[in-house]
Amino acid sequence: MHFAIGDFVLDLIQNSVEAGSSLIEVDIDEAMNGVYVCIADNGCGMSPDEIDRAFDPLKNSAVKHPGRKAGFGLPFIKQAVEQAYGSFKISSEKGKGTKVYFSFPKSSIDSPPLGDVSELFMNALNMVGASELILRRKRSSDGLSYEVKKSELVEAVGDLTSASSLSLVKQYLASQEE
Amino acid sequence: MAKMTLDQLRALRAQKQEELETRNVEGKDIQVIVGMGTCGIAAGAKQTFDAIVAAIEKHKLANKVVVRQTGCMGLCYVEPTVEVIMPDMPPVIYGKMTSDVAEELVVKHLVEHSLLDNHIFDKPAIDIVKR
(Lines give C-alpha, C1' and ligand atoms only; values in the text may rest on other atoms or scores of the structure.)
Protein backbone atom coordinates (compact mmCIF):
# COMPACT_ATOMS: atom_id res chain seq x y z
CA MET A 1 0.00 0.00 0.00
CA HIS A 2 1.22 3.50 -0.75
CA PHE A 3 2.32 5.84 1.99
CA ALA A 4 1.20 9.25 0.73
CA ILE A 5 -1.62 10.64 -1.42
CA GLY A 6 1.03 11.76 -3.92
CA ASP A 7 2.04 8.11 -4.44
CA PHE A 8 -1.51 7.20 -5.45
CA VAL A 9 -1.63 10.18 -7.78
CA LEU A 10 1.63 9.22 -9.50
CA ASP A 11 0.36 5.67 -9.92
CA LEU A 12 -2.80 6.95 -11.63
CA ILE A 13 -0.83 9.35 -13.86
CA GLN A 14 1.27 6.36 -14.92
CA ASN A 15 -1.99 4.59 -15.88
CA SER A 16 -3.04 7.61 -17.95
CA VAL A 17 0.32 7.68 -19.72
CA GLU A 18 0.07 3.98 -20.50
CA ALA A 19 -3.46 4.53 -21.85
CA GLY A 20 -1.85 6.56 -24.65
CA SER A 21 -3.23 9.95 -23.56
CA SER A 22 -2.16 13.11 -25.35
CA LEU A 23 -3.55 15.30 -22.56
CA ILE A 24 -3.57 14.58 -18.83
CA GLU A 25 -4.92 17.09 -16.31
CA VAL A 26 -4.26 16.72 -12.60
CA ASP A 27 -5.90 18.87 -9.94
CA ILE A 28 -4.81 18.69 -6.32
CA ASP A 29 -6.87 20.81 -3.99
CA GLU A 30 -5.73 20.88 -0.38
CA ALA A 31 -8.85 22.33 1.22
CA MET A 32 -9.45 23.03 4.89
CA ASN A 33 -11.53 19.88 5.30
CA GLY A 34 -9.50 17.48 3.21
CA VAL A 35 -7.60 16.76 0.02
CA TYR A 36 -9.46 16.58 -3.30
CA VAL A 37 -7.80 15.06 -6.35
CA CYS A 38 -8.95 14.74 -9.95
CA ILE A 39 -7.00 13.07 -12.76
CA ALA A 40 -8.51 13.31 -16.23
CA ASP A 41 -7.05 11.94 -19.45
CA ASN A 42 -8.04 11.50 -23.08
CA GLY A 43 -6.50 8.03 -23.38
CA CYS A 44 -8.03 4.79 -24.59
CA GLY A 45 -10.71 4.68 -21.86
CA MET A 46 -12.40 1.58 -20.46
CA SER A 47 -15.68 -0.20 -21.02
CA PRO A 48 -17.85 -0.82 -17.88
CA ASP A 49 -16.63 -4.41 -17.90
CA GLU A 50 -12.98 -3.32 -18.05
CA ILE A 51 -13.53 -0.90 -15.16
CA ASP A 52 -14.88 -3.78 -13.06
CA ARG A 53 -11.81 -5.85 -13.84
CA ALA A 54 -9.47 -2.93 -13.08
CA PHE A 55 -10.72 -3.01 -9.50
CA ASP A 56 -9.97 -6.70 -9.06
CA PRO A 57 -6.24 -6.78 -8.26
CA LEU A 58 -5.82 -10.31 -9.60
CA LYS A 59 -8.00 -10.19 -12.69
CA ASN A 60 -6.64 -7.28 -14.66
CA SER A 61 -6.81 -7.20 -18.41
CA ALA A 62 -3.03 -7.83 -18.61
CA VAL A 63 -2.46 -5.42 -21.46
CA LYS A 64 0.75 -4.02 -20.04
CA HIS A 65 2.39 -7.36 -19.34
CA PRO A 66 0.94 -10.28 -21.28
CA GLY A 67 0.73 -13.32 -19.06
CA ARG A 68 0.60 -11.28 -15.89
CA LYS A 69 -2.79 -10.44 -14.41
CA ALA A 70 -1.93 -8.55 -11.24
CA GLY A 71 -2.58 -4.81 -11.09
CA PHE A 72 -2.83 -2.94 -7.83
CA GLY A 73 -3.04 0.76 -8.70
CA LEU A 74 -6.81 1.35 -8.65
CA PRO A 75 -7.59 -1.30 -5.98
CA PHE A 76 -5.06 0.39 -3.64
CA ILE A 77 -6.58 3.84 -3.96
CA LYS A 78 -10.14 2.54 -3.57
CA GLN A 79 -9.23 0.59 -0.45
CA ALA A 80 -7.39 3.57 1.08
CA VAL A 81 -10.30 5.90 0.37
CA GLU A 82 -12.86 3.49 1.85
CA GLN A 83 -10.73 3.03 4.95
CA ALA A 84 -10.65 6.78 5.54
CA TYR A 85 -14.33 7.35 4.63
CA GLY A 86 -13.30 9.52 1.68
CA SER A 87 -14.97 9.57 -1.69
CA PHE A 88 -14.06 7.90 -4.95
CA LYS A 89 -15.51 8.15 -8.43
CA ILE A 90 -14.36 6.92 -11.80
CA SER A 91 -15.93 7.65 -15.16
CA SER A 92 -14.56 6.32 -18.38
CA GLU A 93 -15.63 6.05 -21.97
CA LYS A 94 -14.02 3.68 -24.42
CA GLY A 95 -11.93 5.64 -26.91
CA LYS A 96 -12.50 8.97 -25.15
CA GLY A 97 -10.70 8.89 -21.85
CA THR A 98 -10.95 8.39 -18.12
CA LYS A 99 -11.57 10.66 -15.19
CA VAL A 100 -10.74 9.58 -11.65
CA TYR A 101 -11.80 11.67 -8.71
CA PHE A 102 -11.07 10.98 -5.05
CA SER A 103 -10.85 12.77 -1.75
CA PHE A 104 -9.56 12.15 1.75
CA PRO A 105 -11.22 13.95 4.68
CA LYS A 106 -8.91 15.73 7.11
CA SER A 107 -11.00 14.49 10.02
CA SER A 108 -10.12 10.83 9.45
CA ILE A 109 -7.05 9.43 11.16
CA ASP A 110 -6.75 6.94 8.29
CA SER A 111 -6.29 9.63 5.64
CA PRO A 112 -2.72 9.42 4.32
CA PRO A 113 -0.50 12.52 4.30
CA LEU A 114 -0.40 14.48 1.03
CA GLY A 115 3.36 14.01 0.61
CA ASP A 116 5.84 16.19 -1.23
CA VAL A 117 3.89 17.80 -4.11
CA SER A 118 6.89 19.25 -5.96
CA GLU A 119 8.58 15.84 -5.92
CA LEU A 120 5.35 14.30 -7.26
CA PHE A 121 5.11 16.87 -10.05
CA MET A 122 8.75 16.39 -11.04
CA ASN A 123 8.19 12.64 -11.35
CA ALA A 124 5.01 13.14 -13.33
CA LEU A 125 6.71 15.57 -15.73
CA ASN A 126 9.55 13.11 -16.32
CA MET A 127 7.22 10.40 -17.59
CA VAL A 128 7.45 9.83 -21.29
CA GLY A 129 4.31 9.49 -23.37
CA ALA A 130 1.75 12.18 -22.67
CA SER A 131 2.32 15.11 -24.98
CA GLU A 132 0.70 17.55 -22.56
CA LEU A 133 0.43 17.34 -18.81
CA ILE A 134 -1.27 20.12 -16.85
CA LEU A 135 -0.77 20.10 -13.09
CA ARG A 136 -2.87 22.37 -10.89
CA ARG A 137 -2.31 22.81 -7.21
CA LYS A 138 -4.30 24.71 -4.60
CA ARG A 139 -3.90 25.06 -0.85
CA SER A 140 -6.63 26.87 1.06
CA SER A 141 -4.73 27.48 4.29
CA ASP A 142 -2.47 30.13 2.71
CA GLY A 143 -4.13 30.72 -0.67
CA LEU A 144 -1.36 28.95 -2.62
CA SER A 145 -2.40 28.30 -6.20
CA TYR A 146 -0.39 27.54 -9.31
CA GLU A 147 -0.49 25.67 -12.58
CA VAL A 148 2.34 23.92 -14.35
CA LYS A 149 2.24 22.92 -18.02
CA LYS A 150 4.68 20.36 -19.34
CA SER A 151 4.87 22.07 -22.77
CA GLU A 152 5.92 25.38 -21.17
CA LEU A 153 8.63 23.72 -19.09
CA VAL A 154 9.94 21.78 -22.10
CA GLU A 155 10.08 25.04 -24.01
CA ALA A 156 11.97 26.71 -21.13
CA VAL A 157 14.50 24.02 -20.16
CA GLY A 158 14.41 21.37 -22.89
CA ASP A 159 13.89 17.63 -22.66
CA LEU A 160 12.63 16.67 -19.20
CA THR A 161 14.52 13.39 -19.04
CA SER A 162 17.90 15.09 -18.98
CA ALA A 163 19.28 15.29 -15.46
CA SER A 164 20.26 18.95 -15.93
CA SER A 165 16.69 19.92 -16.94
CA LEU A 166 15.28 17.86 -14.09
CA SER A 167 17.29 19.65 -11.46
CA LEU A 168 16.18 23.02 -12.87
CA VAL A 169 12.55 21.88 -12.88
CA LYS A 170 12.99 20.66 -9.33
CA GLN A 171 14.09 24.14 -8.23
CA TYR A 172 11.24 25.74 -10.17
CA LEU A 173 8.62 23.48 -8.62
CA ALA A 174 10.02 23.91 -5.11
CA SER A 175 9.74 27.70 -5.56
CA GLN A 176 6.08 27.37 -6.57
CA GLU A 177 5.37 25.70 -3.23
CA GLU A 178 6.72 28.69 -1.28
CA MET B 1 12.45 32.17 -1.99
CA ALA B 2 9.76 33.78 -4.12
CA LYS B 3 7.90 31.92 -6.83
CA MET B 4 10.12 31.54 -9.87
CA THR B 5 8.64 32.67 -13.19
CA LEU B 6 9.17 30.85 -16.47
CA ASP B 7 11.42 33.71 -17.59
CA GLN B 8 13.58 33.29 -14.51
CA LEU B 9 13.71 29.56 -15.22
CA ARG B 10 14.89 30.26 -18.77
CA ALA B 11 17.57 32.63 -17.44
CA LEU B 12 18.73 30.05 -14.91
CA ARG B 13 18.97 27.49 -17.65
CA ALA B 14 21.04 29.80 -19.82
CA GLN B 15 23.39 30.42 -16.89
CA LYS B 16 23.71 26.66 -16.18
CA GLN B 17 24.23 26.01 -19.86
CA GLU B 18 27.25 28.31 -19.88
CA GLU B 19 28.69 26.55 -16.85
CA LEU B 20 28.18 23.18 -18.47
CA GLU B 21 29.77 24.22 -21.74
CA THR B 22 33.00 25.05 -19.94
CA ARG B 23 33.31 21.40 -18.92
CA ASN B 24 34.55 18.94 -21.47
CA VAL B 25 31.79 16.39 -22.11
CA GLU B 26 30.92 14.04 -24.92
CA GLY B 27 27.12 14.15 -24.71
CA LYS B 28 24.45 12.28 -22.79
CA ASP B 29 25.53 8.69 -22.86
CA ILE B 30 24.43 7.43 -19.46
CA GLN B 31 20.87 6.25 -18.90
CA VAL B 32 19.42 5.75 -15.44
CA ILE B 33 15.96 4.16 -15.47
CA VAL B 34 13.86 4.02 -12.31
CA GLY B 35 11.07 1.43 -12.00
CA MET B 36 7.96 3.45 -11.20
CA GLY B 37 5.22 0.80 -11.18
CA THR B 38 2.80 0.44 -8.26
CA CYS B 39 5.38 -1.76 -6.50
CA GLY B 40 8.19 0.74 -7.04
CA ILE B 41 6.16 3.72 -5.84
CA ALA B 42 5.06 1.79 -2.74
CA ALA B 43 8.70 1.02 -1.94
CA GLY B 44 9.80 4.66 -2.27
CA ALA B 45 10.88 4.95 -5.93
CA LYS B 46 9.72 8.57 -6.01
CA GLN B 47 12.20 9.47 -3.26
CA THR B 48 14.91 7.39 -4.96
CA PHE B 49 14.33 9.28 -8.22
CA ASP B 50 14.62 12.60 -6.41
CA ALA B 51 17.80 11.52 -4.62
CA ILE B 52 19.39 10.27 -7.85
CA VAL B 53 18.72 13.58 -9.61
CA ALA B 54 20.23 15.43 -6.62
CA ALA B 55 23.30 13.16 -6.52
CA ILE B 56 23.89 13.52 -10.27
CA GLU B 57 23.77 17.30 -9.91
CA LYS B 58 26.10 17.16 -6.89
CA HIS B 59 28.69 15.11 -8.77
CA LYS B 60 28.45 17.39 -11.80
CA LEU B 61 27.21 14.74 -14.19
CA ALA B 62 23.92 16.46 -15.05
CA ASN B 63 24.77 17.08 -18.69
CA LYS B 64 25.82 13.47 -19.27
CA VAL B 65 22.87 11.63 -17.81
CA VAL B 66 19.31 10.93 -18.90
CA VAL B 67 16.99 9.87 -16.08
CA ARG B 68 13.85 8.03 -17.09
CA GLN B 69 11.05 6.04 -15.53
CA THR B 70 9.57 2.75 -16.50
CA GLY B 71 6.80 0.53 -15.16
CA CYS B 72 7.21 -2.66 -13.16
CA MET B 73 10.31 -4.67 -14.17
CA GLY B 74 8.90 -7.77 -12.51
CA LEU B 75 11.23 -7.56 -9.51
CA CYS B 76 8.55 -6.36 -7.09
CA TYR B 77 10.24 -8.10 -4.14
CA VAL B 78 13.35 -5.91 -4.39
CA GLU B 79 11.83 -2.56 -5.30
CA PRO B 80 12.79 0.19 -5.83
CA THR B 81 14.67 -1.00 -8.93
CA VAL B 82 17.04 1.09 -11.03
CA GLU B 83 18.58 0.11 -14.37
CA VAL B 84 21.83 1.74 -15.47
CA ILE B 85 23.03 1.65 -19.06
CA MET B 86 26.34 3.28 -19.93
CA PRO B 87 29.37 2.78 -22.15
CA ASP B 88 32.12 0.42 -20.95
CA MET B 89 29.84 -1.10 -18.31
CA PRO B 90 27.40 -4.03 -18.54
CA PRO B 91 23.72 -3.00 -18.35
CA VAL B 92 22.67 -3.71 -14.77
CA ILE B 93 19.39 -3.75 -12.87
CA TYR B 94 19.85 -2.87 -9.26
CA GLY B 95 17.28 -3.72 -6.58
CA LYS B 96 16.57 -2.40 -3.07
CA MET B 97 17.63 1.05 -4.30
CA THR B 98 16.15 3.17 -1.57
CA SER B 99 16.94 6.88 -1.56
CA ASP B 100 19.88 6.41 0.84
CA VAL B 101 21.72 4.25 -1.73
CA ALA B 102 21.25 6.80 -4.56
CA GLU B 103 24.51 8.62 -3.92
CA GLU B 104 26.45 5.34 -3.69
CA LEU B 105 24.99 4.39 -7.09
CA VAL B 106 26.13 7.63 -8.65
CA VAL B 107 29.60 7.56 -7.10
CA LYS B 108 30.37 3.86 -7.62
CA HIS B 109 28.69 3.06 -10.91
CA LEU B 110 28.61 6.36 -12.77
CA VAL B 111 31.87 7.89 -11.53
CA GLU B 112 34.13 5.00 -10.50
CA HIS B 113 32.75 2.44 -12.98
CA SER B 114 32.36 -0.31 -10.41
CA LEU B 115 29.25 -2.31 -9.48
CA LEU B 116 27.18 -2.20 -6.30
CA ASP B 117 27.61 -5.89 -5.48
CA ASN B 118 24.81 -6.26 -2.97
CA HIS B 119 22.17 -4.72 -5.20
CA ILE B 120 22.58 -6.53 -8.52
CA PHE B 121 19.46 -8.30 -9.75
CA ASP B 122 20.58 -8.81 -13.34
CA LYS B 123 17.58 -8.48 -15.67
CA PRO B 124 13.78 -8.14 -15.64
CA ALA B 125 11.63 -11.10 -14.62
CA ILE B 126 11.10 -13.64 -17.39
CA ASP B 127 7.39 -12.87 -17.87
CA ILE B 128 8.18 -9.19 -18.49
CA VAL B 129 10.88 -9.75 -21.12
CA LYS B 130 9.43 -10.37 -24.58
CA ARG B 131 10.45 -13.78 -25.83
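Naming convention: chains lettered A, B, ... in sequence-line order (proteins, then strands); numbering from 1 in each chain.
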With only heavy atoms counted, which part of [X] is less than 4.5 Å from chain A, the side chain, the backbone, both or neither?
| X | answer |
| --- | --- |
| A54(B) | both |
| I41(B) | both |
| Q47(B) | both |
| Q69(B) | both |

Worksheet item: Taking the six-membered ring for Trp, is the centroid-to-centroid distance between F88(A) and F55(A) below 6.0 Å?
Response: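 Under 6.0 Å, so yes.
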
Worksheet item: Looking only at side chains, do S21(A) and S16(A) share a donor and an acceptor under 3.5 Å apart?
Response: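 Checked: S21(A)/S16(A) side chains show no N/O donor-acceptor pair below 3.5 Å.
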
Discussion item. Regarding T98(B) and D100(B), do their side chains bring together a donor and an acceptor under 3.5 Å, going by distance alone?
Written reply: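 Yes, a side-chain donor-acceptor pair sits under 3.5 Å.
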
Discussion item. Would S99(B) and D50(B) count as a side-chain hydrogen bond (donor to acceptor under 3.5 Å, both in side chains) here? Give the steps.
Written reply: CA-CA 8 Å; S99(B) 56; D50(B) 207 36; over 6 Å; no

So which part of [X] gets closer than 4.5 Å to some heavy atom of chain B, the side chain, the backbone, both or neither?
| X | result |
| --- | --- |
| F3(A) | neither |
| L144(A) | side chain |
| F8(A) | neither |

Fill in: Partner set under side chain to side chain donor-acceptor pair (under 3.5 Å) for D159(A), not counting sequence neighbours
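D159(A): side chain to side chain donor-acceptor pair (under 3.5 Å) contacts with T161(A).
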
Discussion item. To the closest 0.5 Å, what do you measure between CD1 (I52(B)) and CD (E57(B))?
Written reply: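 If we round to the nearest 0.5 Å, I52(B):CD1 and E57(B):CD are 14.5 Å apart.
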
Worksheet entry | Pairs of heavy atoms under 4.5 Å with chain A: top-ranked of V67(B), D7(B), T70(B), I56(B) |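 Maximum pair count with chain A is reached by V67(B).
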
Fill in: Pairs meeting criterion side-chain hydrogen bond (donor to acceptor under 3.5 Å, both in side chains) with involvement of residues 139-149 of chain A, two or more places apart
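Pairs touching residues 139-149 of chain A that pass the test: R136(A)-E147(A), R139(A)-D142(A), Y146(A)-E177(A).
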
Worksheet item: So which of D7(A), L120(A), N126(A), D11(A) has the largest heavy-atom pair count under 4.5 angstrom toward chain B?
Response: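 Most pairs with chain B among the choices: N126(A).
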
